[in-house]
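The block underneath contains the structure these notes are about, expressed in structure tokens.
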There are 2 protein chains.
Amino acid sequence: MTIRLLLADDQDLIRGALSALLELEEDFEVVASVARGDKVVEAARAHRPDVALLDIEMPGLDGLAAASVLTAQMPECRVVILTTFGRAGYLRRAMTAGAVGFVVKDARPEALVDAIRRVMRGERVIDPALAAATLAAGESPLTGRERDVLNVARSGATVAEIAAKLYLSEGTVRNYLSVAIAKTGTRNRMEAVRTADERGWL
Amino acid sequence: MTIRLLLADDQDLIRGALSALLELEEDFEVVASVARGDKVVEAARAHRPDVALLDIEMPGLDGLAAASVLTAQMPECRVVILTTFGRAGYLRRAMTAGAVGFVVKDARPEALVDAIRRVMRGERVIDPALAAATLAAGESPLTGRERDVLNVARSGATVAEIAAKLYLSEGTVRNYLSVAIAKTGTRNRMEAVRTADERGWL
DNA sequence: CCGCGCCCATGACAAATGTCATGGGTGAAC
DNA sequence: GTTCACCCATGACATTTGTCATGGGCGCGG
């Protein structure tokens, strides 16, 4: 009984390399391989994989969004998120998107193989260290608007630019930023953006 | 005549996958595989690879520094930098560190294989698009101190903190930041840090 | 020796940022 | 039907940031 796999990662080299790695297992077969999130569902329909390995950073549609669509449309296909690194918020979002596994790219190769076999048995697989970090980071205390403002502020936009882009007054933007700075326990915009990002609050 | 390879990448999974990929070529042999930059020279001494594939982001010693040491001590071993992201400045530094190849991780798998064969023939191999971007970014116009200040500012430090860390007066720090902002053609600290970083000026 | 670029500093000013108090509107929860 | 969280806004204020002019010291190349 071979396990049919779908690979989605925007880096061709990595995708090819992972494919080579996984094909070393006799009972694994990579049946589809795509570079864009918005090709995932199409490929899954065509090739009916048992497990889909999705990277998060991808053009078109990110891995988390792709996971949502895929699990909704093809619940028999298990989704494992395989991403460069365990930002706390990713794990939470991955779970709500219907993923049953979360493997970071610096795991040992056997860990990935093992994770695939386990999700096939119906288990959920999550890196324990990452799970702990996510619990520690906690739920985001930011309101929707605060998130919006921080997201725009990421690129280094000024208050005026943020206000223009969000159709808010400058004073309001300053207020949201001030609250966000307080909630992140930081002392300026840059740090607030940084730590909110790290904790997966954006 | 088999080509002996050394792999250095901090992500176990990627390293394993690349190894699987490269071993598919009959005349390639991965003779060493390390996760830390400061293990590169040691492994190279022990296994005498023909080509070393080095990632840049690694603990201990980054790939560029490792490349310097390696080419100095074992000039017969060709260094190819294999990294996630073609930041303009990396290429320049890689070349001065003695690398003869630079491949980005989103290249096609055949491109990597091809690059290895070509450096074995004595050629230099550089992604043409990346080379163009690097030329466009130009040499860094920043003075040493300006770089220092920007580097500290990266974490979101305030002027006072930067001044304390660098043993400068606050006014001086503000001056350097002001000049750096002007030289990068940006409008605040955040953008200056961002673009200087992207151009490899840090 | 002179000019030049880099280093460091000061002071003063304008602009942007962060804080706080205050208040009105809305919808969901109890 | 009141409470509460979120949304949006204003105004005032202190602080921080960015700009500019100015000047001294140092080392290097012409």
Side-chain angles (χ1 to χ4, degrees), chain A residues 89 92-93 96 137-202, chain B residues 89 92-93 96 137-202:
Chain A
R92 205 189 324 272
R93 278 189 277 165
T96 64
E139 277 293 316
S140 171
L142 300 177
T143 70
R145 263 341 214 178
E146 286 158 10
R147 242 196 323 277
D148 294 344
V149 169
L150 282 186
N151 267 316
V152 179
R154 270 214 287 217
S155 52
T158 73
V159 169
E161 289 165 343
I162 301 172
K165 191 160 297 183
L166 263 41
Y167 303 103
L168 294 177
S169 90
E170 300 195 9
T172 304
V173 171
R174 284 215 296 275
N175 285 338
Y176 284 140
L177 281 172
S178 184
V179 175
I181 289 166
K183 283 182 178 174
T184 51
T186 53
R187 279 189 329 297
N188 56 44
R189 202 179 303 203
M190 265 184 118
E191 288 185 6
V193 168
R194 262 196 145 47
T195 75
D197 196 16
E198 278 169 11
R199 300 222 239 261
W201 292 352
L202 296 186
Chain B
R92 203 188 326 270
R93 279 189 277 165
T96 63
E139 278 291 316
S140 171
L142 300 177
T143 70
R145 264 337 214 180
E146 287 158 8
R147 242 196 324 276
D148 294 343
V149 169
L150 281 185
N151 266 316
V152 179
R154 272 215 287 219
S155 52
T158 72
V159 169
E161 288 165 343
I162 301 173
K165 192 160 298 184
L166 262 42
Y167 304 103
L168 295 177
S169 91
E170 301 195 7
T172 304
V173 171
R174 286 214 294 274
N175 286 339
Y176 284 142
L177 282 172
S178 185
V179 175
I181 289 167
K183 285 182 178 174
T184 51
T186 53
R187 279 193 325 301
N188 57 45
R189 201 179 307 200
M190 266 184 117
E191 289 185 5
V193 168
R194 263 195 145 45
T195 74
D197 197 14
E198 279 168 12
R199 298 207 232 223
W201 291 354
L202 296 186

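Treat the numbers as computed from the prediction; the structure is a model and nothing was measured. The sequence lines fix the lettering, A, B, ..., with proteins before strands; numbering per chain opens at 1. Scope of the values below: all heavy atoms of this structure, side chains included, with no hydrogens, waters or symmetry mates.
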List, with names and distances, any nitrogen or oxygen atoms from the protein found under 3.5 Å away from nitrogen or oxygen atoms belonging to nucleotides 28-30 of chain C.
none

Shortest non-hydrogen contact from A:Ala153 toward B:Met190 = O-CE, 3.7 Å
ask   = Would you call A:Trp201 and A:Thr184 a side-chain contact if the rule is heavy atoms closer than 4.5 Å?
value = yes
inquiry  = Rounding to an integer number of Å, can you tell me how far A:Glu161 CD sits from C:dA15 P?
reply    = 16 Å
note = When every non-hydrogen atom of B:Leu150 is compared with those of B:Ala192, the smallest separation belongs to CD2-CB, 4.4 Å
query = Bend across the helix from C:dC1-D:dG30 to C:dC30-D:dG1, to 10°, with axes taken over 5 pairs at each end?
reply = 30°
note = Across all chains, not counting sequence neighbours, the side chain to side chain contact (heavy atoms under 4.5 Å, CB included) partners of B:Val173 are B:Val149, B:Val159, B:Ile162, B:Ala163, B:Leu168, B:Leu177
message = Any base atoms under 4.0 Å from B:Thr172, or only sugar-phosphate, or nothing? Heavy atoms, all strands.
response = base
request  = Quickly work out the A:Asp148 CG to D:dC8 P distance and round it to whole Å.
outcome  = 8 Å
ask   = A:Asp148: what forms a side chain to side chain contact (heavy atoms under 4.5 Å, CB included) with it, not counting sequence neighbours?
value = A:Arg145, A:Leu166
message = Return the CD1 to CD distance between A:Ile181 and A:Glu146, rounded to the nearest 0.5 Å.
response = 11.0 Å
task = Grab the OH-C1' distance between A:Tyr167 and D:dA9 for me, whole Å please.
result = 18 Å
remark   = Its contact letters, B for base, S for sugar-phosphate only and - for none at protein heavy atoms under 4.0 Å, make nucleotides 12-27 of chain D read B----BBBB-------
key: Atom-pair distance (CD1 on B:Ile162; P on C:dC8), nearest Å   = 14 Å
message = Has B:Asn188 got a side-chain atom pairing as donor or acceptor with A:Thr158's backbone, closer than 3.5 angstrom?
response = no
note = Separation between CD (B:Glu198) and CD (B:Glu191), nearest 0.5 Å, reads 10.5 Å
key: Pairs meeting criterion salt bridge (charged side-chain N to carboxylate O under 4.0 Å, His left out) with involvement of residues 156-182 of chain B, two or more places apart   = A:Arg187-B:Glu161
task = Find the distance B:Leu142:CG to C:dG5:C1' and express it as a whole number of Å.
result = 15 Å
request  = Round to a whole Å and report the spacing from CD of A:Glu146 to P of C:dG18.
outcome  = 14 Å
query = Just wondering, do B:Lys183 and B:Leu142 contact through their side chains at under 4.5 Å, heavy atoms?
reply = yes
task = Using whole Å, report how far CZ of B:Arg145 lies from C1' of C:dA9.
result = 13 Å
message = Using OP1 and OP2 only, check whether a side-chain N or O of B:Thr143 sits under 4.0 Å from C:dG5.
response = no
message = Please evaluate residues A:Asn151 and A:Arg154 with respect to the criterion side-chain contact (heavy atoms from CB on, under 4.5 Å), reporting the C-alpha separation (whole Å), side-chain torsions for both, the decisive distance (0.1 Å), and the verdict.
response = CA-CA 5 Å; A:Asn151 267 316; A:Arg154 270 214 287 217; 3.3 Å; yes
ask   = Starting at OH of A:Tyr176 and ending at P of D:dC6, how long is that distance when rounded to a whole Å?
value = 10 Å
